[in-house]
Amino acid sequence: MNLLAAIREQFARALVLLGVEPGELSNYTSLVLTSQDAKFGDYQANCAMPLGKRLGKPPREVAAQLVAALELGAICERPEIAGPGFINLRVKDDWLASQVAGFLSDPERQGVPQTASPRTYVIDYSSPNVAKPMHVGHIRSTVIGDALCRILKFAGHQVISDNHLGDWGTQFGMILYGLKHFADAKALNNQTLEELTRLYKLVNSLVEYHDTRKEKLPALEARLAEAERTAARLSAVSPPSDAKEAKQAAKKVRQQEAAVVELRSELAELRAKVAAVEADATLGKLAAEHAGIGQQVLQETARLHSGDATNIELWRKYLPACLTEMEAMYARLGVRFDHTLGESYYQDRLRGVVKDLCEKKLARESDGAICVFLEGHDVPMIVQKQDGAFLYGTTDLATIQYRMNHWRPDAILYVVDHRQSLHFEQLFAVARLWGYGGVELQHIAFGTVLGDDGKPFKTRSGASVGLASLLDEAVERAYAIVSQNDDARPEAMLSEVERRQVAERIGIGAIKYADLAHNRTSDYVFSYDKMLAMTGNTAAYMQYSYARVKSIFTKVIADSGLPVADTRPDATILLGTPQERALALALVQFAEALDRVTTDYRPNHLTAYLFDLATHYSTFFEHCPVLRAETEALRASRLALCNLTARTLRQGLELLGIEVVERM
RNA sequence: GCGCACGUAGCUCAAUGGAUAGAGCGUCGGCCUCCGAAGCCGAAGGUUGCUGGUUCGAGUCCAGCCGUGCGUACCA
């Protein structure tokens, strides 16, 4: 059971007796919380203060009435009223003990209830572009989305995971252009994917080159000139006599000068990039020969969309190589999807979407494009370009329509970079106007992965880091750590094969855990050293904690000679020390942690819980001898606590998509 | 310009409108003839960017300012 939920139910009953309307109950029951500080008990109810205000009675009096109306005797000690009207609750030791004992015969769920109101979720995550190698930016979407799928499913919801691949957009137009102009037939045959990647990168850099020369550089030069003029003007003005105004004016000058410096360095960077292309004999020649490449790429894309036979055939022929590569990556990450319906899947529905939007007067022509104008937005959502091509917004609308028709979900979650929040705001607004008001549409936004310098994580040369090499590096470092530790033992414990397996799990786990442990909405700094640290809130530490618990059972097996060293499901749990009690309470609160994750889709609540559980276990382990316990009954009880801790750690990590190791 | 995020210990980050804002790393001090010390026990470290407001109660909500990042009509 969910202890917090059970206590809240009791409070709901009591609140009704005090005259609170059923519709307002949750305003008050939501103020029943786990205590931040153990000295205030295990749970606290803070509802007497607002209720007292509402009823015009002293809060402490209301608290006393609530306490009198509560029927929590089976679960809690007599509630205490403290301060202005806090009601502090302490869970009874014997109730805790019997709950925990019950978990022993429930290895699948450890007392975590299935939700009473199951919903159907579609979770849209990962969604890489084909041919464009997956990079560090894809990891968060993939890892967070996968964890949310696992947790919602475990909670008893129906979950449909869908990988909405970018397999139909401009990036494939680049491949098409590359195939037609730069392909090496032999390489294309033998090393298809490598060649496609090469083509993508080549075309992309040429497009970038021309775009920079024609658009970005002039724009930046204009901005710089403007900034320089403003700076000159500001510094020419004589300072105002008023001290405060003078200070502000001086500050403006400083800011403007700083802006000029920044723009100059930006300009120098762009010029250097252009110069680098021109200095490269091959690249420079290609750039000169393909001056209109940007437009041409868009035309290739448009031709694909309009059903051009050649482009369709090339697309069919070369898409599979891209997909195979992705599947290998997902296999390594332990991520799977129920569906992989990419953008291409919806291409024949796009025309109909636009037509329908026009007929319903939601969309209209503007500057040659078909747009949906939305109240409160300066820019419209464009659903069809001047050249007739559709955009990802169009595809996203078609996708919503498809998902609603086929799966009838209660919620669709999009696990996508926060930079796309404007797009989703518009998409959801249009979807609601279009008739999909009943479904919960949520952008599960997350922050950028940064390097040590606080800027988006890149290699030293400025390229984005490929996902494969990222994983390799983490696993390599994990291997070094595992080997070093094992070598430091009097006698090595792990075989080479085992070391490799452990390193893979620790390395991949480290990356996933670091991602999940941070509040998803904020950016976070990527650091191998931090994520692979054996101390602190890391996957390695959690895995260590698990292995350490398991080692007790290894010892039991060795000593007793019994093949299975599990605890008896009928063991009695004894909670004679504060450490045992704290551990038992932590075990019971697993359900609450999962609940917190599902209410606002934040996996970091689960990592925080697991770290807390591991810490409670360490304290328990330090203070309470297990195998050398004073009595046989105490030994059985403590072994049971160890067993349940191991199970909860394993289960919790599994819900995050992280594998444990039995020893390391 | 407009819009959206964010600003918390030296660093990396938590915190559901609740009591004295918490962890880890780092620093300092204790604890291994004893189940994995990758640990435990303890100390130091904060005007939660600033100023107001709402509230019995604000890191959290509102307004204004300062700073950072991102986005802003035909890429995704």
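In what follows, chains are A, B, ... by sequence order, proteins preceding strands, each numbered from 1.
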Whole-angstrom distance between [N] and [M], as gauged at atom [atom1]:
N	M	atom1	value
B:rC32	B:rG39	C1'	10 Å
B:rC41	B:rU51	P	38 Å
B:rA44	B:rC50	C1'	28 Å
B:rG57	B:rA15	P	25 Å
B:rU55	B:rG45	P	36 Å
B:rU27	B:rC61	P	36 Å
B:rU16	B:rG53	C1'	24 Å
B:rU48	B:rA23	C1'	16 Å

What pairs of nitrogen or oxygen atoms, one from the protein and one from nucleotides 12-16 of chain B, lie under 3.5 Å apart?
residue: B:rC13; atom: OP1; partner: A:Val525; partner atom: N; Å: 2.6
residue: B:rA14; atom: OP1; partner: A:Asn519; partner atom: N; Å: 2.6
residue: B:rA14; atom: OP1; partner: A:Ser522; partner atom: OG; Å: 3.0
residue: B:rA15; atom: OP1; partner: A:Asn604; partner atom: ND2; Å: 3.3
residue: B:rA15; atom: OP2; partner: A:Asn519; partner atom: ND2; Å: 3.3
residue: B:rU16; atom: O4; partner: A:Thr34; partner atom: OG1; Å: 2.7

Non-hydrogen side-chain atoms of [X] and [Y] separated by less than 4.5 Å:
X	Y	answer
A:Glu24	A:Leu51	no
A:Tyr392	A:Gln420	yes
A:Thr607	A:Tyr513	yes
A:Asn88	A:Ile81	no
A:Ile382	A:Ile370	no
A:Met381	A:Phe373	no
A:Leu427	A:His443	no

Less than 4.0 Å between a side-chain N and a carboxylate O, is that true for [Y] and [X]?
X	Y	value
A:Arg499	A:Asp487	yes
A:Arg663	A:Glu498	yes
A:Lys512	A:Asp515	no
A:Lys201	A:Glu208	no
A:Arg477	A:Asp529	yes

Rounding to a whole Å, what distance do you find between [X]:[atom1] and [N]:[atom2]?
X	N	atom1	atom2	value
A:Asn88	B:rG18	CG	C1'	11 Å
A:Leu610	B:rA23	CG	P	18 Å
A:Tyr513	B:rG24	OH	P	13 Å

Tell me if the centroids of the rings in A:Tyr414 and A:Phe424 come within less than 6.0 Å of each other.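 Between A:Phe424 and A:Tyr414, which both carry aromatic rings, the centre distance is below 6.0 Å.
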Mark up nucleotides 31-37 of chain B, 5' to 3', with B wherever a protein heavy atom is under 4.0 angstrom from a base atom, S wherever such an atom reaches only the sugar-phosphate, and - elsewhere. ---SBBS
For A:Thr399, check side chain to side chain contact (heavy atoms under 4.5 Å, CB included) against everything at least two apart and list the hits.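 Listed in chain order: A:His164, A:Tyr346, A:Thr395, A:Arg403.
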Under the side chain to side chain contact (heavy atoms under 4.5 Å, CB included) test, residues paired with A:Phe526 that sit two or more places apart: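 Result, side chain to side chain contact (heavy atoms under 4.5 Å, CB included) vs A:Phe526: A:Val449, A:Phe457, A:Leu470, A:Tyr524, A:Tyr528, A:Met531.
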Using only heavy-atom distances, determine whether the side chains of A:Thr521 and A:Asn519 contain a donor-acceptor pair under 3.5 Å.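 Side chains of A:Thr521 and A:Asn519: pair found under 3.5 Å.
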Just by distance, no angles: are the side chains of A:Thr448 and A:Arg419 close enough, under 3.5 Å, to form a donor-acceptor pair?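 The criterion, which ignores hydrogens and geometry beyond distance, is not satisfied for A:Arg419 and A:Thr448.
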Report, one pair per line, the protein and nucleotides 53-63 of chain B atoms (nitrogen or oxygen only) whose separation is under 3.5 Å.
residue: B:rC56; atom: OP1; partner: A:Lys53; partner atom: NZ; Å: 2.2

Residues from residues 414-429 of chain A lying under 4.0 Å of RNA chain B - heavy atoms: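 Output list: A:Arg419, A:Gln420, A:Leu422.
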Give me the residues of residues 203-212 of chain A where at least one heavy atom lies under 4.0 Å from an atom of RNA chain B, by number, or none.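 None - not one residue of the stretch has a heavy atom sitting under 4.0 Å from the strand.
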When only distance counts, do a donor and an acceptor, one from the side chain of A:Glu343 and one from the base of B:rA76, lie under 3.5 Å apart?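 There is none.
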Listed pairs under 3.5 Å, donor-acceptor, residues 620-629 of chain A side chains, sequence neighbours left out:
residue: A:His623; atom: ND1; partner: A:Thr619; partner atom: O; Å: 2.8

Using a 3.5 Å cut-off on both pairing distances, which stems of three or more Watson-Crick or G-U pairs include RNA chain B?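 Result, WC/G-U stems under 3.5 Å: B:1-7 with B:66-72, B:10-13 with B:22-25, B:27-31 with B:39-43, B:49-53 with B:61-65.
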Polar pairs (N or O, both sides) under 3.5 Å between protein and nucleotides 20-22 of chain B?
residue: B:rU20; atom: N3; partner: A:Lys39; partner atom: NZ; Å: 3.1
residue: B:rU20; atom: O4; partner: A:Lys39; partner atom: NZ; Å: 2.4

As a test of reading the structure: which of B:rG18, B:rA73, B:rG24 is closest to the side chain of A:Phe611, going by heavy atoms?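 Shortest atom-to-atom distance from the side chain points to B:rG24.
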Which part of the nucleic acid, if any, lies within contact of A:Leu298, taking any heavy atom under 4.0 Å across all strands shown: a base, the sugar-phosphate backbone alone, or nothing?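 Sugar-phosphate, backbone atoms only, no base.
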Can you tell me if A:Gln299 has over 12 outside heavy atoms packed within less than 6.0 Å of its CD?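 Buried by this count: over 12 neighbours within 6.0 Å.
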Holding to side-chain hydrogen bond (donor to acceptor under 3.5 Å, both in side chains), I want the full list of residues that pass it with A:Tyr209, two or more places apart in sequence or in another chain.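 A:Arg213, A:Glu278.
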What pairs with A:Arg364 under salt bridge (Lys or Arg N to Asp or Glu O under 4.0 Å), at least two apart in sequence or on another chain?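 None.
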Return the 5'-most residue of the pair A:Ala82, A:Pro380 with respect to RNA chain B, ranking by each residue's nearest nucleotide.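 Between the two, 5'-proximity favours A:Ala82.
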Hey, mind stepping through A:Val353 and A:Val383 against side-chain contact (heavy atoms from CB on, under 4.5 Å) and telling me if it holds? CA-CA 9 Å; A:Val353 169; A:Val383 291; 5.9 Å; no
Whether A:Phe86 stacks on the six-membered ring of B:rG18 base, 5.5 Å and 30° limits: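 A:Phe86 ring does not meet the centre or angle cut-off for B:rG18; no stack.
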